[in-house]
Protein chains: 2
Amino acid sequence: MPESKLGLLQGTLDVMVLQTLAAMGPQHGYGIARRIEQVSGDEILLNQGTIYASLVRLQHRGWIRAKWGASENKRKAKFYSITPKGRVRLGQDVAYWQRLADVMGRVLASRARENGNA
Amino acid sequence: MPESKLGLLQGTLDVMVLQTLAAMGPQHGYGIARRIEQVSGDEILLNQGTIYASLVRLQHRGWIRAKWGASENKRKAKFYSITPKGRVRLGQDVAYWQRLADVMGRVLASRARENGNA
DNA sequence: TGGTCACATAACAGAATACGATATTCCTGT
DNA sequence: ACAGGAATATCGTATTCTGTTATGTGACCA
């Protein structure tokens, strides 16, 4: 069980969605959410509804496209897939993330002066 | 020169400010901003004014405190320092960041299927 | 037939950074 | 002595995103 729910930072959800679609192929919103939670080792728990706003954004920008179909359970579901533009964007996002992680690492590593403490 | 300006994600600026104060001791807003840019290797470029909203937030929460003084150039400046509560918070923030970076790494590493591509 | 789960849409609240305008004070060049 | 610019701070607004909650629909099962 996850220690505590891990909140997300602005933009990280969209990247994970793109990555998930790139890695899994076409998938419906519900499935994408479950997959992200699973891959994260259940550290991330997406509130029901949270993923859809992301999907709307991404589709609106032309990075994913949707098509109605039926899930494995015969239920009506919208299947999303990543577009070529989406792949390009994903590449940029990953590069951005690595840069940010690098910079944060550098900043957080700047040594603290030896203070008495609390 | 930086390739391109690196935008920040929600919350990362506040953590960097706390860390900077913990590492440098009391410092004024302008100095904190310059320091963050420097430590980041000039990848981060803080727009003038951006840092102050962060300082207001942190002070409002009791994580930093301010005192008017004079900068090395004899100009009037507000010197901020981290409080005990701020140090606790910084620890939590760093832990959070590491968790998020870890999870993002896991998600972004999920293999893409071999697709023709674009 | 009634319930629950899979799956989707919509709308608002909260929070933080980007950006631009403005004010003050000190320092430097002429 | 004066103009201009750098150091330093404040404020207000636009934008964007996640959290959250309410609501709807169709399948499956007891």
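Labels below follow one simple rule: chain letters A, B, ... track the order of the sequence lines, proteins then strands, and each chain is numbered from 1. Model, not experiment: these values are computed from the prediction.
- We find that OH of B/Y52 is positioned 18 Å from P of C/dT22, with the value rounded to whole Å.
- Rounded to the nearest 0.5 angstrom, A/S81 OG and A/M24 CE are separated by 13.0 Å.
- With rounding to the nearest 0.5 Å, the separation of CG in A/D14 from CZ in A/R89 is 8.5 Å.
- No donor-acceptor pair under 3.5 Å is formed between the side chain of A/Y80 and the backbone N or O of A/K67.
- Scanning atom types as modelled, no donor and acceptor separated by under 3.5 angstrom connect the side chain of A/Q10 and the base of D/dT15.
- The side chain of A/T50 lies closest to D/dT20 when the candidates are D/dT20, C/dC7, C/dT9.
- Contacts of A/G31 with the nucleic acid, taken as non-hydrogen atoms under 4.0 Å apart, are absent.
- Counted by atom type alone, A/S110 and B/Q19 present one or more donor-acceptor pairs between their side chains at under 3.5 Å.
- For the pair A/R61 CZ and D/dT15 P, the computed distance is 13 Å after rounding to whole Å.
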**OP:** If a protein heavy atom is under 4.0 Å from the base, mark B; if only from the sugar-phosphate, S; if neither, -; do that for nucleotides 25-30 of chain D going 5' to 3'.
**Re:** -BBS--
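- Rounding to whole angstrom units, OH of residue B/Y30 and C1' of C/dT25 are separated by 14 Å.
- Residue-level contact check: B/S71 touches the backbone only, with heavy atoms under 4.0 Å from sugar-phosphate atoms and none from bases.
- Rounded to a whole Å, the CG atom of A/L46 is 13 Å from the P atom of C/dA8.
- A distance-only check finds a donor-acceptor pair linking the side chain of B/T83 to the backbone of B/W63 [under 3.5 Å].
- Distance CZ (A/R34) to P (C/dA6): 8 Å, rounded to an integer number of Å.
- In terms of position on DNA chain D, the residue among A/G49 and A/L9 whose nearest nucleotide sits closer to the 5' end is A/L9.
- In this entry the distance linking CD1 of A/I51 with C1' of D/dT20 reads 15 Å, nearest Å.
- Of the candidate nucleotides C/dA8, D/dT8, D/dT10, D/dT8 has the atom nearest to the side chain of B/H28.
- Going from atom CD of B/E72 over to atom C1' of C/dC27 covers 14 Å, rounded to whole Å.
- B/N47 has its CG atom 16 Å from the P atom of D/dT15, to the nearest Å.
- Judged by distance alone, with hydrogens and angles left aside, the side-chain atoms of A/Y96 form a donor-acceptor pair with the main-chain N or O of B/G7 at under 3.5 Å.
- Of the inter-residue distances, the one linking B/R34 atom CZ with B/T20 atom OG1 reads 12.0 Å to the nearest 0.5 angstrom.
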